[in-house]
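Single-structure report; data block below.
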2 protein chains.
Amino acid sequence: MKKYLCGDAHEAEKNIPDDNIASELADFLKIFADMTRIKILYALLDMELCVHDIATILNMEQSAISHQLRLLRQYKLVKVRKEGKSSYYSLNDSHIHEILIRGYEHISE
Amino acid sequence: MKKYLCGDAHEAEKNIPDDNIASELADFLKIFADMTRIKILYALLDMELCVHDIATILNMEQSAISHQLRLLRQYKLVKVRKEGKSSYYSLNDSHIHEILIRGYEHISE
DNA sequence: TGAACGTATGAGTTAATGTTCATATGTGTG
DNA sequence: CACACATATGAACATTAACTCATACGTTCA
């Protein structure tokens, strides 16, 4: 597996995560790397909201919000509670809450 | 600015970052949310590398690597040092180093 | 100075992602 | 039951982003 290298780069190779890990990490970060989803998550920071209200607050179509909420659900970032005609979304656990708070700190540096 | 809401969602509005902040945060996260860039960053974790070696190690075209390095440069995640024919890249500061270490911890949960 | 090597970059192609539109499903209400 | 409202979802469309290809630029060395 020897390859031609300018420097002693084999050392560096050890730190590179393999494809599975790297893409898993990339996918996880991708969910947060979208303005709409960021806004949704921060909207849910300390209260649950129904789809209609999220759409209203963000001034976006209900459909767009639903699509994004599906993604957030799939990645277990939010959970749903159905009551009557509405679906109420909230952050899935305090871990997500913590990540968002950290994000805020980081951006305000 | 009153809008129709099912619940008391105006509370939630306060937590939503405005467009500038949200897109800045999204853009920042987008850089990390890509497998190639993740690998590059981890390759640079504790040594500088020239473009050719990064391409070789990651088994990718030099051009693709250069394009990604340009992005990483623009966002100040890496810095360059030119020596002779080569450009040696390294992480820009220990802050980035710390973020990457955290990322590793997170993914191994 | 010309050839080889290392890197950067614009253009084109393709793949992935986000939004809209149309519509289906489900729930409450007159 | 018929209708309105809330949500979900597939398909079409638009945008973005990553890679390849071709090529230019800069450096070294014969």
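Numbered from 1 within each chain, the chains take letters A, B, ... in sequence-line order.
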Can you name the closest pair of heavy atoms from [X] and [Y] and give their distance?
X: B:K30; Y: B:R37; answer: O-NH2, 3.0 Å
X: A:A12; Y: B:I57; answer: CB-CD1, 4.4 Å
X: A:L25; Y: B:I38; answer: CG-CD1, 4.0 Å

Shortest side-chain distance from [X], nucleotide among [options]:
X: B:D34; options: C:dG26, D:dA18, C:dG18; value: D:dA18
X: B:K30; options: C:dG28, C:dC21, D:dA17; value: D:dA17
X: A:R73; options: C:dT19, D:dC21, D:dA8; value: D:dA8
X: A:R70; options: C:dG10, C:dG6, D:dG10; value: D:dG10
X: B:S87; options: D:dC19, D:dA8, C:dA8; value: C:dA8
X: A:S66; options: D:dT7, C:dG18, C:dA8; value: D:dT7
X: A:M60; options: D:dC5, C:dT19, C:dA8; value: C:dT19

Distance, rounded to the nearest Å, where [X] contributes [atom1] and [N] contributes [atom2]:
X: A:I54; N: D:dA6; atom1: CD1; atom2: C1'; answer: 13 Å
X: B:Q68; N: C:dA8; atom1: CD; atom2: C1'; answer: 14 Å
X: B:I31; N: D:dT16; atom1: CD1; atom2: P; answer: 17 Å
X: B:D53; N: C:dC5; atom1: CG; atom2: P; answer: 15 Å
X: B:N59; N: D:dT20; atom1: CG; atom2: P; answer: 10 Å
X: B:K85; N: D:dA24; atom1: NZ; atom2: P; answer: 20 Å
X: B:E61; N: C:dG12; atom1: CD; atom2: P; answer: 19 Å
X: A:I38; N: C:dG18; atom1: CD1; atom2: P; answer: 11 Å

Next on the checklist: How long is the straight-line distance from OH of B:Y88 back to CG of B:L44, given to the nearest 0.5 Å?
Outcome noted: 13.0 Å
Checklist entry - So how far is it from B:N15 CG to A:M47 CE, rounded to the nearest 0.5 Å? => result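 Spacing of CG (B:N15) from CE (A:M47) equals 9.5 Å.
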Next on the checklist: Is there a side-chain contact between A:Y89 and the phosphate of D:dA6, meaning an N or O under 4.0 Å from OP1 or OP2?
Outcome noted: no
Checklist entry - When you check the phosphate oxygens OP1 and OP2 of D:dA18, does a side-chain N or O of B:R37 lie under 4.0 Å from one of them? => result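 Checking B:R37 against D:dA18: at least one side-chain N or O falls below 4.0 Å of OP1 or OP2.
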Would you kindly check whether a donor in the side chain of [X] faces an acceptor in the base of [N], or vice versa, at under 3.5 angstrom?
X: A:S86; N: C:dT27; answer: no
X: B:Q62; N: C:dA8; answer: yes
X: A:S63; N: C:dC21; answer: yes

Item to check | A:I40 and A:V78: CA distance, side-chain angles, deciding distance, side chain to side chain contact (heavy atoms under 4.5 Å, CB included) verdict | outcome: CA-CA 10 Å; A:I40 293 175; A:V78 301; 5.6 Å; no
Next on the checklist: Under 5.5 Å centre to centre and under 30° between planes: does that hold for B:H67 and the six-membered base ring of C:dT9?
Outcome noted: yes
